[in-house]
Amino acid sequence: DLDSAFSPNCSRSHAISSSGEENGCSGVVFIFILYNRTMTKKTIVIVCLLLILAIGAFLRVFELNTIPPGVYPDVAMNGNNAIEARENGDIRIFYPDNNGREGLFMILIAGMFSLFGNEIWALRLVAVLFGILTILGTYLLTRELFRNQKSEIRDQEGKKETPNSRFIIPNSKTTYFNLSSAEIIALIAAFFVAISFWHINFSRVGFRAIMAPFFLTYGFYFLWLIFRNELSDTKKTLAAAFGGIFFGLGFHSYIAYRAM
(Lines give C-alpha, C1' and ligand atoms only; values in the text may rest on other atoms or scores of the structure.)
Protein backbone atom coordinates (compact mmCIF):
# COMPACT_ATOMS: atom_id res chain seq x y z
CA ASP A 1 0.00 0.00 0.00
CA LEU A 2 1.02 3.66 -0.13
CA ASP A 3 2.11 3.74 3.52
CA SER A 4 4.61 0.91 3.05
CA ALA A 5 5.65 2.12 -0.37
CA PHE A 6 6.71 5.45 1.03
CA SER A 7 8.08 4.25 4.34
CA PRO A 8 11.29 5.80 5.74
CA ASN A 9 13.22 2.73 4.57
CA CYS A 10 12.64 3.73 0.95
CA SER A 11 14.77 6.30 -0.81
CA ARG A 12 13.80 9.96 -0.41
CA SER A 13 13.27 10.51 -4.13
CA HIS A 14 12.58 7.44 -6.22
CA ALA A 15 10.47 5.74 -8.86
CA ILE A 16 8.34 2.64 -8.43
CA SER A 17 8.27 0.38 -11.45
CA SER A 18 5.27 -1.58 -12.69
CA SER A 19 6.36 -4.53 -10.59
CA GLY A 20 5.45 -2.50 -7.50
CA GLU A 21 8.77 -3.12 -5.73
CA GLU A 22 11.99 -1.20 -5.39
CA ASN A 23 14.96 -1.75 -3.05
CA GLY A 24 12.94 -4.27 -1.06
CA CYS A 25 10.05 -1.84 -0.46
CA SER A 26 6.60 -3.05 -1.41
CA GLY A 27 4.32 -0.66 -3.29
CA VAL A 28 1.21 -0.38 -5.37
CA VAL A 29 1.37 -1.07 -9.07
CA PHE A 30 2.36 2.12 -10.84
CA ILE A 31 4.08 2.49 -14.19
CA PHE A 32 6.08 5.46 -12.92
CA ILE A 33 5.87 7.50 -9.73
CA LEU A 34 8.29 10.20 -8.71
CA TYR A 35 7.97 11.48 -5.19
CA ASN A 36 10.14 13.84 -3.19
CA ARG A 37 9.59 13.45 0.54
CA THR A 38 11.36 16.74 1.21
CA MET A 39 8.39 18.67 -0.23
CA THR A 40 6.29 20.27 2.47
CA LYS A 41 2.59 19.66 2.74
CA LYS A 42 1.86 23.30 1.91
CA THR A 43 3.97 23.13 -1.24
CA ILE A 44 2.25 19.96 -2.45
CA VAL A 45 -1.21 21.44 -1.86
CA ILE A 46 -0.34 24.70 -3.63
CA VAL A 47 1.15 22.89 -6.63
CA CYS A 48 -1.83 20.53 -6.95
CA LEU A 49 -4.37 23.32 -6.48
CA LEU A 50 -2.66 25.59 -9.02
CA LEU A 51 -2.61 22.72 -11.50
CA ILE A 52 -6.32 22.09 -10.98
CA LEU A 53 -7.09 25.80 -11.36
CA ALA A 54 -4.98 25.94 -14.52
CA ILE A 55 -6.89 23.01 -16.00
CA GLY A 56 -10.21 24.60 -15.07
CA ALA A 57 -9.16 27.97 -16.48
CA PHE A 58 -7.98 26.44 -19.76
CA LEU A 59 -11.23 24.52 -20.25
CA ARG A 60 -13.20 27.73 -19.68
CA VAL A 61 -11.05 30.26 -21.56
CA PHE A 62 -9.79 28.38 -24.64
CA GLU A 63 -11.33 29.87 -27.82
CA LEU A 64 -13.89 31.69 -25.67
CA ASN A 65 -14.75 34.06 -28.51
CA THR A 66 -15.91 31.26 -30.82
CA ILE A 67 -16.81 28.31 -28.58
CA PRO A 68 -19.73 27.93 -28.19
CA PRO A 69 -20.69 29.47 -31.53
CA GLY A 70 -23.11 32.39 -31.52
CA VAL A 71 -24.68 34.07 -28.51
CA TYR A 72 -27.62 32.67 -26.55
CA PRO A 73 -30.62 35.08 -26.59
CA ASP A 74 -30.60 35.56 -22.80
CA VAL A 75 -26.88 36.30 -22.87
CA ALA A 76 -27.36 38.78 -25.71
CA MET A 77 -30.04 40.54 -23.66
CA ASN A 78 -27.64 40.75 -20.75
CA GLY A 79 -25.07 42.32 -23.06
CA ASN A 80 -27.56 44.91 -24.34
CA ASN A 81 -28.46 45.91 -20.78
CA ALA A 82 -24.77 46.12 -19.90
CA ILE A 83 -24.13 48.44 -22.85
CA GLU A 84 -27.05 50.65 -21.79
CA ALA A 85 -25.73 50.73 -18.24
CA ARG A 86 -22.25 51.73 -19.42
CA GLU A 87 -23.25 54.29 -22.05
CA ASN A 88 -26.40 55.79 -20.51
CA GLY A 89 -25.84 55.12 -16.82
CA ASP A 90 -28.98 52.98 -16.76
CA ILE A 91 -27.88 50.81 -13.83
CA ARG A 92 -30.62 48.79 -12.17
CA ILE A 93 -30.82 46.34 -9.29
CA PHE A 94 -33.47 44.38 -11.18
CA TYR A 95 -34.37 44.27 -14.87
CA PRO A 96 -38.06 43.41 -15.35
CA ASP A 97 -37.78 42.61 -19.08
CA ASN A 98 -36.99 39.10 -20.39
CA ASN A 99 -38.93 37.47 -17.51
CA GLY A 100 -37.03 39.47 -14.91
CA ARG A 101 -33.32 39.33 -14.10
CA GLU A 102 -31.12 40.39 -11.20
CA GLY A 103 -28.87 43.32 -12.09
CA LEU A 104 -25.53 42.33 -10.55
CA PHE A 105 -24.43 40.28 -13.55
CA MET A 106 -25.19 43.09 -16.00
CA ILE A 107 -23.28 45.59 -13.86
CA LEU A 108 -20.21 43.35 -13.91
CA ILE A 109 -20.51 42.84 -17.68
CA ALA A 110 -20.67 46.60 -18.11
CA GLY A 111 -17.38 46.81 -16.23
CA MET A 112 -15.82 44.25 -18.58
CA PHE A 113 -17.07 46.20 -21.60
CA SER A 114 -15.47 49.34 -20.18
CA LEU A 115 -12.14 47.53 -19.89
CA PHE A 116 -12.09 45.44 -23.05
CA GLY A 117 -14.79 46.81 -25.34
CA ASN A 118 -18.03 45.22 -26.55
CA GLU A 119 -16.58 41.84 -27.40
CA ILE A 120 -18.22 38.43 -27.16
CA TRP A 121 -15.40 37.06 -25.04
CA ALA A 122 -15.72 40.03 -22.68
CA LEU A 123 -19.47 39.30 -22.43
CA ARG A 124 -18.67 35.74 -21.33
CA LEU A 125 -15.63 36.56 -19.20
CA VAL A 126 -17.65 37.40 -16.07
CA ALA A 127 -19.19 33.92 -16.02
CA VAL A 128 -15.77 32.38 -16.66
CA LEU A 129 -14.24 34.17 -13.67
CA PHE A 130 -17.08 33.07 -11.40
CA GLY A 131 -16.59 29.51 -12.62
CA ILE A 132 -12.84 29.50 -11.92
CA LEU A 133 -13.26 31.04 -8.47
CA THR A 134 -15.88 28.41 -7.63
CA ILE A 135 -13.23 25.72 -8.15
CA LEU A 136 -11.11 27.36 -5.45
CA GLY A 137 -14.14 27.77 -3.20
CA THR A 138 -14.98 24.09 -3.58
CA TYR A 139 -11.52 23.16 -2.32
CA LEU A 140 -11.76 25.50 0.67
CA LEU A 141 -15.26 24.39 1.67
CA THR A 142 -14.57 20.66 1.26
CA ARG A 143 -11.35 20.88 3.26
CA GLU A 144 -13.22 22.65 6.03
CA LEU A 145 -16.05 20.11 6.06
CA PHE A 146 -13.68 17.16 6.47
CA ARG A 147 -11.15 18.86 8.73
CA ASN A 148 -10.24 17.06 11.95
CA GLN A 149 -10.32 19.19 15.06
CA LYS A 150 -8.92 18.55 18.51
CA SER A 151 -11.44 18.99 21.29
CA GLU A 152 -10.91 18.27 24.95
CA ILE A 153 -13.31 16.02 26.87
CA ARG A 154 -13.26 14.83 30.45
CA ASP A 155 -13.74 11.29 31.61
CA GLN A 156 -13.04 9.35 34.81
CA GLU A 157 -9.34 9.20 33.98
CA GLY A 158 -9.04 12.96 33.55
CA LYS A 159 -8.65 15.14 30.49
CA LYS A 160 -7.74 13.81 27.08
CA GLU A 161 -7.90 14.86 23.43
CA THR A 162 -10.04 13.14 20.85
CA PRO A 163 -10.53 13.96 17.17
CA ASN A 164 -13.69 15.85 16.35
CA SER A 165 -14.64 15.83 12.66
CA ARG A 166 -17.82 17.26 11.19
CA PHE A 167 -17.97 14.35 8.77
CA ILE A 168 -16.49 11.13 10.12
CA ILE A 169 -14.47 9.32 7.45
CA PRO A 170 -12.46 6.12 7.82
CA ASN A 171 -8.77 6.59 8.61
CA SER A 172 -9.21 10.36 8.60
CA LYS A 173 -5.74 10.79 10.09
CA THR A 174 -4.05 8.73 7.40
CA THR A 175 -1.70 10.79 5.24
CA TYR A 176 -0.44 10.18 1.73
CA PHE A 177 2.24 12.36 0.16
CA ASN A 178 2.22 14.35 3.42
CA LEU A 179 -1.45 15.24 2.84
CA SER A 180 -4.36 14.51 5.16
CA SER A 181 -7.50 12.79 3.94
CA ALA A 182 -9.37 16.11 4.14
CA GLU A 183 -6.90 17.80 1.81
CA ILE A 184 -6.98 14.90 -0.66
CA ILE A 185 -10.80 14.89 -0.71
CA ALA A 186 -10.82 18.67 -1.17
CA LEU A 187 -8.40 18.47 -4.11
CA ILE A 188 -10.44 15.70 -5.72
CA ALA A 189 -13.66 17.70 -5.30
CA ALA A 190 -12.04 20.78 -6.83
CA PHE A 191 -10.75 18.70 -9.74
CA PHE A 192 -14.21 17.29 -10.44
CA VAL A 193 -15.67 20.80 -10.54
CA ALA A 194 -12.83 21.92 -12.82
CA ILE A 195 -13.66 19.25 -15.41
CA SER A 196 -17.44 19.14 -14.86
CA PHE A 197 -19.20 19.39 -18.22
CA TRP A 198 -22.14 21.37 -16.89
CA HIS A 199 -19.99 23.78 -14.90
CA ILE A 200 -17.77 24.38 -17.93
CA ASN A 201 -20.84 24.79 -20.13
CA PHE A 202 -22.50 27.43 -17.95
CA SER A 203 -19.18 29.22 -17.51
CA ARG A 204 -18.51 29.45 -21.25
CA VAL A 205 -22.05 30.24 -22.40
CA GLY A 206 -22.26 33.21 -20.05
CA PHE A 207 -25.36 32.45 -17.98
CA ARG A 208 -25.75 34.43 -14.78
CA ALA A 209 -26.79 31.19 -13.04
CA ILE A 210 -23.08 30.35 -12.66
CA MET A 211 -22.97 32.93 -9.86
CA ALA A 212 -25.31 30.92 -7.61
CA PRO A 213 -22.88 28.07 -6.75
CA PHE A 214 -20.12 30.66 -6.30
CA PHE A 215 -21.98 32.60 -3.62
CA LEU A 216 -23.26 29.44 -1.95
CA THR A 217 -19.81 27.86 -1.81
CA TYR A 218 -18.08 30.84 -0.26
CA GLY A 219 -21.05 31.64 1.95
CA PHE A 220 -21.01 28.17 3.49
CA TYR A 221 -17.21 28.21 3.74
CA PHE A 222 -17.06 31.38 5.81
CA LEU A 223 -20.01 30.40 7.98
CA TRP A 224 -18.46 26.98 8.58
CA LEU A 225 -15.34 28.66 9.92
CA ILE A 226 -17.20 29.67 13.07
CA PHE A 227 -17.04 26.00 14.16
CA ARG A 228 -13.22 26.07 14.18
CA ASN A 229 -12.18 25.63 17.81
CA GLU A 230 -8.82 27.35 17.39
CA LEU A 231 -10.19 30.58 15.91
CA SER A 232 -10.64 33.61 18.15
CA ASP A 233 -14.05 35.19 18.68
CA THR A 234 -12.99 38.15 16.52
CA LYS A 235 -12.08 35.91 13.58
CA LYS A 236 -15.29 33.95 13.99
CA THR A 237 -17.28 37.19 13.93
CA LEU A 238 -15.50 38.29 10.76
CA ALA A 239 -16.07 34.89 9.17
CA ALA A 240 -19.79 35.08 9.97
CA ALA A 241 -19.93 38.60 8.52
CA PHE A 242 -18.24 37.53 5.28
CA GLY A 243 -20.53 34.52 5.07
CA GLY A 244 -23.56 36.78 5.45
CA ILE A 245 -22.24 39.11 2.73
CA PHE A 246 -21.79 36.24 0.27
CA PHE A 247 -25.21 34.81 1.09
CA GLY A 248 -26.80 38.24 0.70
CA LEU A 249 -25.13 38.95 -2.65
CA GLY A 250 -26.37 35.57 -3.85
CA PHE A 251 -29.92 36.95 -4.00
CA HIS A 252 -28.69 39.27 -6.75
CA SER A 253 -27.35 36.39 -8.82
CA TYR A 254 -30.13 34.11 -10.11
CA ILE A 255 -33.82 33.65 -9.44
CA ALA A 256 -33.44 30.02 -8.23
CA TYR A 257 -31.13 31.24 -5.45
CA ARG A 258 -34.22 32.49 -3.61
CA ALA A 259 -34.94 28.87 -2.69
CA MET A 260 -32.09 29.17 -0.19
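From a predicted model like this one, the values you see are computed outputs, not experimental measurements.
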Would you say [X] and [Y] are hydrophobically clustered, going by side-chain heavy atoms of ILVMFWY under 4.5 Å?
X: M211; Y: W198; answer: yes
X: V71; Y: M77; answer: no
X: F62; Y: L50; answer: no
X: F251; Y: I107; answer: no
X: L53; Y: F192; answer: yes

Nearest non-hydrogen partners of [X] and [Y], listed with the distance:
X: L129; Y: M112; answer: CD1-CE, 3.4 Å
X: A85; Y: Y95; answer: CB-OH, 4.2 Å
X: A127; Y: F202; answer: CB-O, 4.1 Å
X: F113; Y: R86; answer: CB-NE, 3.6 Å
X: A110; Y: A82; answer: CB-O, 3.5 Å
X: P68; Y: V205; answer: CG-CG2, 4.0 Å

Between [X] (side chain) and [Y] (backbone), is there a donor-acceptor pair under 3.5 Å?
X: R204; Y: E63; result: yes
X: Y257; Y: A209; result: no
X: R60; Y: A194; result: yes
X: Y218; Y: G137; result: yes

Are more than 12 heavy atoms from other residues, nucleotides or ligands located less than 6.0 Å from atom [atom1] of [X]?
X: F242; atom1: CZ; result: no
X: N99; atom1: CG; result: no
X: K236; atom1: NZ; result: yes
X: Y254; atom1: OH; result: no
X: N88; atom1: CG; result: yes

For the aromatic rings, using the six-membered ring if either is Trp, is the centroid distance between F222 and F246 under 6.0 Å?
yes
Flag the pair Y72 / F207 as yes when their ring centroid distance falls below 6.0 Å, and as no otherwise.
yes
Assess the side chains of N78 and R101: does a donor N or O sit below 3.5 Å from an acceptor N or O?
yes
Go through it in stages, so that I can follow the logic: the residues are L51 and I55, the test is side-chain contact (heavy atoms from CB on, under 4.5 Å), and I'd like the CA-CA distance, side-chain angles, deciding distance and then a yes or no.
CA-CA 6 Å; L51 180 61; I55 294 172; 4.3 Å; yes
Note, [X] side chain near [Y] side chain (heavy atom, < 4.5 Å):
X: N81; Y: D97; answer: yes
X: T217; Y: Y221; answer: no
X: I135; Y: F191; answer: no

Taking side-chain contact (heavy atoms from CB on, under 4.5 Å) as the definition, give me every residue that meets it alongside H252, ordered by chain and number, with sequence neighbours left out.
I93, L104
Is a salt bridge present between E84 and R92, judged by a nitrogen-to-oxygen distance below 4.0 Å?
no
Would you sort out whether L125 and W121 count as a side-chain contact (heavy atoms from CB on, under 4.5 Å), showing the intermediate values?
CA-CA 6 Å; L125 187 58; W121 65 267; 3.9 Å; yes
So K235 and R228, side-chain contact (heavy atoms from CB on, under 4.5 Å) or not? Walk me through it.
CA-CA 10 Å; K235 291 182 178 180; R228 289 272 293 272; over 6 Å; no
One pair to check against side-chain contact (heavy atoms from CB on, under 4.5 Å): L179 and L187. What are the steps and the verdict?
CA-CA 10 Å; L179 302 183; L187 288 171; 4.0 Å; yes
